[in-house]
Amino acid sequence: MSQASQHGKWTLSSSDDDNDDPLPSASNNNNSPLLFGSPPPDQHTSSDSNHNPPKIASNFHQPKHDPDPPPSIEVKPEPKSDTVTAVPPLSIGSEARQASQASQLKPVKYESNQSRPFLAGKRKKDDDSISGWALSDSDDDDDDDKAKGQSSGQKDPPPKRSSPKLKKAKVEERPPSPHGRTYYIDEPDDFFETSVPPVNDTYRFYLNKVTGLEKRYNTGALHIKEILSPLFGTLKESVQFNYCFDIAWMLQQYPPEFRDKPVLIVHGDKREAKARLLQQAQPYSQVRFCQAKLDIAFGTHHTKMMLLWYEEGFRVVILTSNMIRADWYQKTQGLWMSPLYLRLPKGSPETAGESPTLFKRDLLEYLGAYRAPEITDWIQRIREHDLSETRVYLIGSTPGRYLGSDMERWGHLRLRKLLHDHTRPIPNEEKWPVIGQFSSIGSMGVDKTKWLAGEFQRTLTTLGKSSLRPDPPMHLIYPSVDDVRTSLEGYPAGGSLPYSIQTAQKQLWLHSYFHRWQAETTGRSHAMPHIKTYMRASPDFTQLAWFLVTSANLSKAAWGALEKNKTQVMVRSYELGVLYVPSAFSMSTFPVQMDVFPATTSSTSFPVPFDLPPKRYSSKGYL
């Protein structure tokens, strides 16, 4: 059974016969791997991610909702911008979201003087064929309003004798939210109080702000409005690379003085999805588009990056958030923000402004892979700026099949090359576990040797030029059902954690690797992760040999897979991330920071976003 929502079409069960199954009780063991979402690109769909329509396993059920929510919760309309034109809500992203368009064009109406908020995810009781969540449609609510009017017995007063006391309160319109009834409650007054990170911040790695946390856990974190604020530069033009867009919302995040500046959107949508994206931008003449070429089936444009051109210089932001509201409020996200790159003196050689990590060369190569004339001007601008202060390595994926030395340009073989060239062997490295943390899982074969414990593990265990190929522990962090149930968003958070039941049943061996999402160190245990990180930790989890933040989930489409007896590599999707290695910071290892927040001073300890050591799923939790 499927239902349309603001963020996609929810398939609530893999069985047609489970409508009367009991919902899981609190005493049930809910440490099983979370089987949300549609299959990633290896399953003939998009690699994200994250906002694909969820397909929930037949043994997983949605929670019941109290039909009478507490009256203390006040639902307020979202503040409207004075400068951004309102347009009808549109479905966003892939074609799987088409069904959501109808519900958004017929938004639920509620009166501002209602004593309780509208329940966006109420369970319909009048149809036994419907199970799980159902979004109320406007027809149902219209019928309710008519019934109220009939039961009251009141007649409409004559127009000339109307009294202000008898007038109806102003009606607000808003599409129902699949994220629960409190989703539209205003943020705290201090949520957008900009707390600019220390100027001399060592790593320039930040988490996003999260509503519902103690204030100290947001001190030093960043929200998109702060990233785009004048505090970081006087914006002239920008580019947004991403997978999902809500253009009206995105433009509202720019400060008023920058909202009319040119914005280039780089996306991978095709056909109907592309038409819907273009329709979103019709009211905004400052928005232009660049469609990324996806020449290999089932690939996606999953890269998330901002290019910001200021009067003072230029900046790059590489992040894990989509350009939609749901990604910026109650999920754990991460980003790397570059220093402000100043313009080079006129007449500087082409090699000027390069960093020790060759970041400038690699960024230009990545942008050149789009083969898009819309990006040409930006490539030239980057050439004219000084990127020499960059201390991270760029790791990208671009669609294609690569041979010879080109195999090491993209994907996990690019990561392997950098770890080989820029890290050093460590004593007892076979005891240093590899950690992978992600929000989506693709198909990796009938056994672990097909990809994960074969070519991918060899990449993650590379340390310097050592010929030793150890088999260290591998910890994979992916939220359990119970993690999602108790999250800030509740079960709807699973819509951003796609792992289909069909894929899971074909790779049961993978479940022994799973560890829960726990992030007390950052206060984000209940903010489900959309961030993706990979690292190599010491046996006592106090040191890191390297750290990577990226858009790439655990899939062959994102990282690439060897073909033809390992003579070529095939990559389906666009991805982008940055790699931290200790040698670039004149260190031998990175100390792990124990208390990340409040982040008020610069530190040489690395702010890992979750708790170490990871906590394994209970043995009863495997499917």
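Excluded from the calculations below are hydrogen atoms, water molecules and symmetry mates; all remaining heavy atoms, backbone and side chain alike, are included.
- A donor atom on one side chain and an acceptor atom on the other are found under 3.5 Å apart for Thr533 and Gln437.
- Remark: Trp378 engages no residue in a ring-ring contact (aromatic ring centres under 6.0 Å, His included) (not counting sequence neighbours).
- To the nearest 0.5 Å, atoms CZ (Arg288) and CD1 (Ile265) are separated by 10.5 Å.
- In terms of modelled atom types and a separation under 3.5 Å, the side chain of Asn242 and the main chain of Ser321 share a donor-acceptor contact.
- Proximity of Ile224 to Met306: side-chain heavy atoms (C-beta onward) are separated by under 4.5 Å at one or more points.
- Contact annotation: the side chain of Glu272 approaches that of Arg276 to within less than 4.5 Å [non-hydrogen atoms, C-beta and beyond].
- With Ser525 contributing its side chain and Ala519 its backbone, the two residues share a donor-acceptor pair below 3.5 Å.
- Looking at Gln282, its side chain never comes within 3.5 Å of a backbone N or O of Leu278 through a donor-acceptor pair.
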With side chain to side chain contact (heavy atoms under 4.5 Å, CB included) as the criterion, how do Leu307 and Gln240 come out once you've worked through the C-alpha distance, each side chain's angles and the decisive distance to 0.1 Å? CA-CA 7 Å; Leu307 302 180; Gln240 298 287 353; over 6 Å; no
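- Ser551 and Tyr243 are not linked by any side-chain donor-acceptor pair at a separation below 3.5 angstrom, with hydrogens and angles left out of the test.
- When atom types are taken as modelled, the side chain of Thr303 and the backbone of Glu575 share a donor-acceptor pair closer than 3.5 angstrom.
- Contact check for Asn322 versus Lys304: side-chain heavy atoms found under the 4.5 Å cut-off.
- Taking the ring centroids of Trp559 and Phe456, they lie under the 6.0 Å cut-off.
- Tyr284 contributes no side-chain N or O that, together with a main-chain N or O of Val263, makes up a donor-acceptor pair within less than 3.5 Å.
- Annotation: side chain of Leu235 is in contact with side chain of Tyr254 (closest heavy-atom distance under 4.5 Å).
- The two atoms that bring Leu294 and Gly268 nearest to each other are CD1-O, 3.5 Å, heavy atoms only.
- Taking the six-membered ring where the residue is Trp, the centroids of Trp309 and Phe258 are separated by 6.0 Å or more.
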Trp328 vs Lys225, test: side chain to side chain contact (heavy atoms under 4.5 Å, CB included). Steps then yes/no.
CA-CA 10 Å; Trp328 287 90; Lys225 285 188 175 180; over 6 Å; no
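- Distance alone, capped at 3.5 Å, is enough to place a donor-acceptor pair between the Tyr574 side chain and the Lys293 backbone.
- Atom CD1 of Ile324 sits about 8.0 Å away from atom CG of Asp246, to the nearest 0.5 Å.
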query: Given the rule in the side chain to side chain contact (heavy atoms under 4.5 Å, CB included) test, do Met305 and Val317 qualify, once you have shown the distances and angles that lead to the verdict?
result: CA-CA 6 Å; Met305 176 171 63; Val317 182; over 6 Å; no
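- A donor-acceptor pair is defined here as one N or O able to donate and one able to accept, closer than 3.5 Å; no such pair exists between the side chain of His302 and the backbone of Ser573.
- In this structure, the side chain to side chain contact (heavy atoms under 4.5 Å, CB included) partners of Ala372, at least two apart in sequence or on a different chain, are Cys290, Tyr370, Glu374, Ile375.
- The closest side-chain heavy-atom distance from Phe289 to Leu264 is not below 4.5 Å.
- Inspection of the Thr390 and Tyr341 side chains reveals an N or O donor paired with an N or O acceptor under 3.5 Å.
- Side-chain contact between Val608 and Thr521 is absent, with no heavy-atom pair separated by less than 4.5 Å.
- Screening His223, Glu226, Gln330, Gln333 against Asn208 for a side chain to side chain contact (heavy atoms under 4.5 Å, CB included) leaves a single residue, Gln333.
- Shown here are the salt bridge (charged side-chain N to carboxylate O under 4.0 Å, His left out) partners of Asp386, two or more places apart in sequence or in another chain: there are none.
- A donor-acceptor contact shorter than 3.5 Å is absent between the side chain of Tyr217 and the backbone of Arg524.
- Every residue two or more places apart in sequence or in another chain that forms a side chain to side chain contact (heavy atoms under 4.5 Å, CB included) with Leu364 is listed here: Lys360, Ile379, Ile382, Arg383.
- With Glu237 as the fixed residue, the salt bridge (Lys or Arg N to Asp or Glu O under 4.0 Å) test singles out one of Arg381, Arg315, Lys261: Arg381.
- Leu476 is linked by a side chain to side chain contact (heavy atoms under 4.5 Å, CB included) to Phe438, Leu452, Met474, Leu510, Tyr513, Phe514, Leu554, counting only residues two or more places apart in sequence or in another chain.
- Aromatic ring centroids of Phe205 and Phe606 lie under 6.0 Å apart.
- A side-chain donor-acceptor contact under 3.5 Å links Glu312 and Thr234.
- In terms of the side chain to side chain contact (heavy atoms under 4.5 Å, CB included) criterion, residue partners of Gln291 (sequence neighbours excluded) are, by chain and number, His267, Lys270, Lys274.
- Residue Phe597 forms a side chain to side chain contact (heavy atoms under 4.5 Å, CB included) with just one option from Leu213, Leu207, Asn218, and that option is Leu207.
- Within the model, atoms OG of Ser397 and CG of Leu576 stand 8.5 Å from one another, a figure rounded to the nearest 0.5 Å.
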Exercise for review: Begin with the C-alpha distance, continue with both residues' side-chain angles, and end with the deciding distance and a verdict on side chain to side chain contact (heavy atoms under 4.5 Å, CB included) for Trp517 and Thr332.
Suggested key: CA-CA 11 Å; Trp517 171 259; Thr332 300; 3.7 Å; yes
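- With Asn553 contributing its side chain and Ser440 its backbone, the two residues share a donor-acceptor pair below 3.5 Å.
- Under the 4.5 Å side-chain criterion, counting only non-hydrogen atoms from C-beta, Thr320 is not in contact with Leu335.
- By the 6.0 Å and 45° rule, Arg204 does not stack over the aromatic ring of Tyr206.
- Ionic pairing of Asp295 and Arg572 is not present here: no N-O contact between side-chain nitrogen and carboxylate oxygen is shorter than 4.0 angstrom.
- Side-chain atoms of Thr357 do not come within 3.5 Å of backbone N or O of Tyr393 as any donor-acceptor pair.
- Under the 4.5 Å side-chain criterion, counting only non-hydrogen atoms from C-beta, Val239 is in contact with Val266.
- Using cut-offs of 30° and 60° for the angle between ring planes, the Tyr203 and Tyr580 rings count as perpendicular.
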